[in-house]
Amino acid sequence: MALAAAGAPAIARADDGRQRYPLTSPDLPAAADTAWPGGTIALDIDATDIARGLYRVTETIPLPPGTRRLSLLLPDWLPGSHGPDNSPAELVDLRFTVDGKPAPWRRDPVETSAFHIDLPEGAATLTARFVHTSPLQPGEGRVTMTDAMLNLKWEHMSLYPTGHAVSRIPVRPSVTLPAGWTPATALPGLVRQGNRASWAATDYATLIDSPIFAGANYRRFDLGRSVTIDAFADVPAYLALDPANLEKLRRLVSESTAVFGPLPAGRYQFLVALTNQLGDIGLEHLASSEDAIEPGSFIDWAGTDWDHNTLPHELVHAWNGKYRRPAGLATPDYRTPMQDDLLWVYEGQTQFWGLVLAVRSGVQRKDTVLGAIAQRAAGLAASAGRGWRPLIDTTYDPIIANRKPKPYGSLARGEDYYWEGALIWLEADQLIRTGTKGARGLDDFARAFFAPGQGDGRLSTYTFDDVTAALNAVYPYDWATFLRQRIEQPGQGAPYAGIERGGYRLVWRDVPNSYEQALMTRQGALYLTHSLGMELNREGVVTSVMWDGPAFNAGLVTGAQILGIDGTAWSAEAMKAAITRAKSAPAPIQFVVQRGNRILNVAVDYHGGLRWPWLEPAVGNGESGIDKLFQPRTK
């Protein structure tokens, strides 16, 4: 690709030199570290139309004297999404006025989240009015508004002037809510006037990093150390949290600060929606989380244990991802593309600590976490994609795949930097523990690397060399080679080294572990990944097929529906019984399958029985390295 001259638009060219298309718009300047000179932008949102799922936006932008043209951007590359992840199509009925008079606008033909407005001489104020249409059903996108609560995300319903770092653009936000609703956000300076809530002026980057949850059924829980849970539910009964379980969440805070030091922002709010009506989300912010969890998580704590890891994971991100961030992700605005190649640290180590802290605090049972590790490690080991695609390449998956389902995910790979990254960090922890005879572990790295210097939340970036230098300061080792081999080279063996160094081993049983069983029950699914090489839903529809597994080799694909098994109508129990019978029978399992409008007879030649992964302590190891890793650090 030819490089553009300085100041010219980047152009993609064919091999013969013909111009194909511009990559960036020549009409949009790059973000400079300069303040927006027009003054504080007023952003007012009417979120009262919950029946129709509408947010009506009025944004008033003071203009610098002499401005004759302004370009406004809808945020595109969003922190935490690791890629371009906004919905410009949901911004509708866009109208501009200049000093009260209608003003024409045009969308940029290259960067279509940008809008250009020509201004008359002497223009003082530009006002944008538009509607953000929250999806009404999952097929339209993530639902953010119901009749009981909303999740207001500023990036969907605000525009910002181009050419300036978003941290240098001042904005004063306000929201009008349905009567009786309570808002919760990390924004400071709340003032309530009837149904209208407003906050102190802030910068645009902080605004985007401070979403709102609001609703009719609300309760706050104090976790100590300036941490709260602000919980919203479909019905008030879901907000009852047993004191013993509240104490586990308080221990999560104390265990987390024992590892990482003080909270980077000095305070933190878990924004939690107990609902299955609002769209799923688990997103990190410096001073808050943004989490939708099972409606009954508080009142059926034991029964939803499998779903409790979201809270520890997002809390860890306050240090790893928000305060400390890979240099390639610290972009000056939401137009500049992010570079994701260190997500195996950003997300992988966060995944590791989320699991560890969940056990240390009691937020999750140890057997649940061991089951989750077993399921993911075995799934990675069986993934054909690890033969051709190195882990580091999966860090670009949010950009190239946009988190869409894939026909053959085991060959394509997905965002494996989460779980394979976590397993790499488990191995690193066990190497340190072994090499220092238990005197040190990854706790020491985390405290040195992620602890904030001033407690003011100021961003601190890091590179690969920074990571290896910090590891070497804890325990001298060839960390650069260790990490590069695991993240840059395809064809790695099963990722069990950390598990085995930690005194456990992966074994196979004919019943699922508690974590996997809970997932199957919740989803109405049957996971046969390590037997027939496929997963099915409660209707017998194939939802996933392992590349080169028995189901794949027999011609079964996603979307096919199992109608009958060995002469018996489909049921999960009939399927498991047939797999068990086949262990001692030479004949293939016979399926009647519907694919589209065709009915097929399919034979699957498999005789290995039911297989689900478990972790169990290795014989004779006593208290293992993983057991010690899981021990609480606070009383």
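Every heavy atom of this structure was used, including side-chain atoms; hydrogens, water molecules and symmetry mates were not. Bear in mind that the values here come from a model prediction, so they are computed numbers and not experimental data. All residue numbers in this chain count up from 1 along the given sequence.
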Please determine, by modelled atom types, if [X] and [Y] share a side-chain donor-acceptor pair under 3.5 angstrom.
{"X": "T275", "Y": "D234", "answer": "yes"}
{"X": "T463", "Y": "D466", "answer": "yes"}
{"X": "N86", "Y": "E155", "answer": "no"}
{"X": "S174", "Y": "D44", "answer": "yes"}
{"X": "E347", "Y": "H82", "answer": "yes"}

Closest contact, heavy atoms only, [X] versus [Y]:
{"X": "T40", "Y": "A201", "result": "CG2-CB, 4.3 Å"}
{"X": "A205", "Y": "Y334", "result": "CA-OH, 3.3 Å"}
{"X": "T185", "Y": "P211", "result": "OG1-O, 3.0 Å"}
{"X": "E415", "Y": "D397", "result": "CG-CB, 3.9 Å"}
{"X": "L286", "Y": "P264", "result": "CD1-CB, 3.8 Å"}
{"X": "I399", "Y": "G83", "result": "CG1-CA, 4.0 Å"}

Drop me the distance from [X]'s [atom1] to [Y]'s [atom2], to the nearest 0.5 angstrom.
{"X": "L483", "Y": "T468", "atom1": "CG", "atom2": "OG1", "answer": "7.5 Å"}
{"X": "L43", "Y": "T202", "atom1": "CG", "atom2": "OG1", "answer": "12.0 Å"}
{"X": "T394", "Y": "Y418", "atom1": "OG1", "atom2": "OH", "answer": "10.5 Å"}
{"X": "L78", "Y": "H156", "atom1": "CG", "atom2": "NE2", "answer": "7.0 Å"}
{"X": "L343", "Y": "L329", "atom1": "CG", "atom2": "CG", "answer": "5.5 Å"}
{"X": "L126", "Y": "L70", "atom1": "CG", "atom2": "CG", "answer": "6.0 Å"}

Given F232, which of F270, Y238, Y218 fulfils the ring-ring contact (aromatic ring centres under 6.0 Å, His included) condition?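 Testing F232 for a ring-ring contact (aromatic ring centres under 6.0 Å, His included) against F270, Y238, Y218 leaves exactly one candidate, Y218.
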
Check the pair V166, I208 against side chain to side chain contact (heavy atoms under 4.5 Å, CB included), reporting the backbone distance first and the verdict last. CA-CA 9 Å; V166 290; I208 297 301; over 6 Å; no

[X] side-chain N/O to [Y] backbone N/O, donor-acceptor pair under 3.5 Å:
{"X": "N320", "Y": "V345", "result": "yes"}
{"X": "R413", "Y": "R389", "result": "yes"}
{"X": "D99", "Y": "T125", "result": "yes"}
{"X": "T228", "Y": "D230", "result": "no"}
{"X": "R335", "Y": "L28", "result": "yes"}
{"X": "R95", "Y": "P102", "result": "no"}
{"X": "E140", "Y": "L136", "result": "yes"}
{"X": "R142", "Y": "P135", "result": "no"}
{"X": "N402", "Y": "K404", "result": "no"}
{"X": "D307", "Y": "I293", "result": "no"}

Anything under 3.5 Å between a donor and an acceptor, one on a side chain of residues 47-66, the other on a protein residue two or more places apart or in another chain? List them.
residue	atom	partner	partner atom	Å
T48	OG1	D46	OD1	2.6
D49	OD1	R52	N	3.3
D49	OD1	R52	NH1	3.2
D49	OD2	R52	NH1	3.3
D49	OD2	R56	NH1	3.1
Y55	OH	T144	O	3.1
Y55	OH	T144	OG1	3.2
E59	OE1	L159	N	3.0

Y346 and side-chain hydrogen bond (donor to acceptor under 3.5 Å, both in side chains): which partner among E284, R324, H317?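 Checked E284, R324, H317 against Y346; only one passes side-chain hydrogen bond (donor to acceptor under 3.5 Å, both in side chains): E284.
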
Residues K322 and D209 bridged, charged N to O under 4.0 Å: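 Yes, charged N to carboxylate O under 4.0 Å.
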
Any side-chain heavy atom of [X] within less than 4.5 Å of one from [Y]?
{"X": "L187", "Y": "P173", "value": "yes"}
{"X": "T350", "Y": "W425", "value": "no"}
{"X": "H285", "Y": "Q269", "value": "no"}
{"X": "D93", "Y": "F130", "value": "no"}
{"X": "W388", "Y": "L411", "value": "yes"}
{"X": "Q349", "Y": "F445", "value": "yes"}
{"X": "H164", "Y": "P37", "value": "yes"}
{"X": "Y396", "Y": "D341", "value": "yes"}

Could you walk me through whether I41 and W36 satisfy the side chain to side chain contact (heavy atoms under 4.5 Å, CB included) test, starting with their C-alpha distance in whole Å, then the side-chain angles of each, then the deciding distance to 0.1 Å, before giving a yes or no? CA-CA 10 Å; I41 296 169; W36 163 246; 4.2 Å; yes

Going through the distances and angles, do V272 and L311 end up as a side chain to side chain contact (heavy atoms under 4.5 Å, CB included)? CA-CA 9 Å; V272 175; L311 300 186; 3.9 Å; yes

Count the heavy atoms belonging to other residues, nucleotides or ligands that lie under 6.0 Å from CZ of R447, then report whether that count exceeds 12.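 Buried by this count: over 12 neighbours within 6.0 Å.
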
So L94 and W105, side chain to side chain contact (heavy atoms under 4.5 Å, CB included) or not? Walk me through it. CA-CA 9 Å; L94 176 63; W105 59 273; 4.1 Å; yes

Side-chain donor/acceptor pairs under 3.5 Å, residues 112-123, sequence neighbours excluded:
residue	atom	partner	partner atom	Å
H116	ND1	R69	NH2	3.3
H116	ND1	S71	OG	2.7
H116	NE2	D108	OD2	2.7

Are F260 and W353 near enough that their ring centres are under 6.0 Å apart?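 Yes - the distance between ring centres of F260 and W353 falls below the 6.0 Å cut-off.
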
Tell me, with the steps shown, if W319 and F450 meet ring-ring contact (aromatic ring centres under 6.0 Å, His included). CA-CA 6 Å; W319 292 274; F450 295 114; 8.9 Å; no

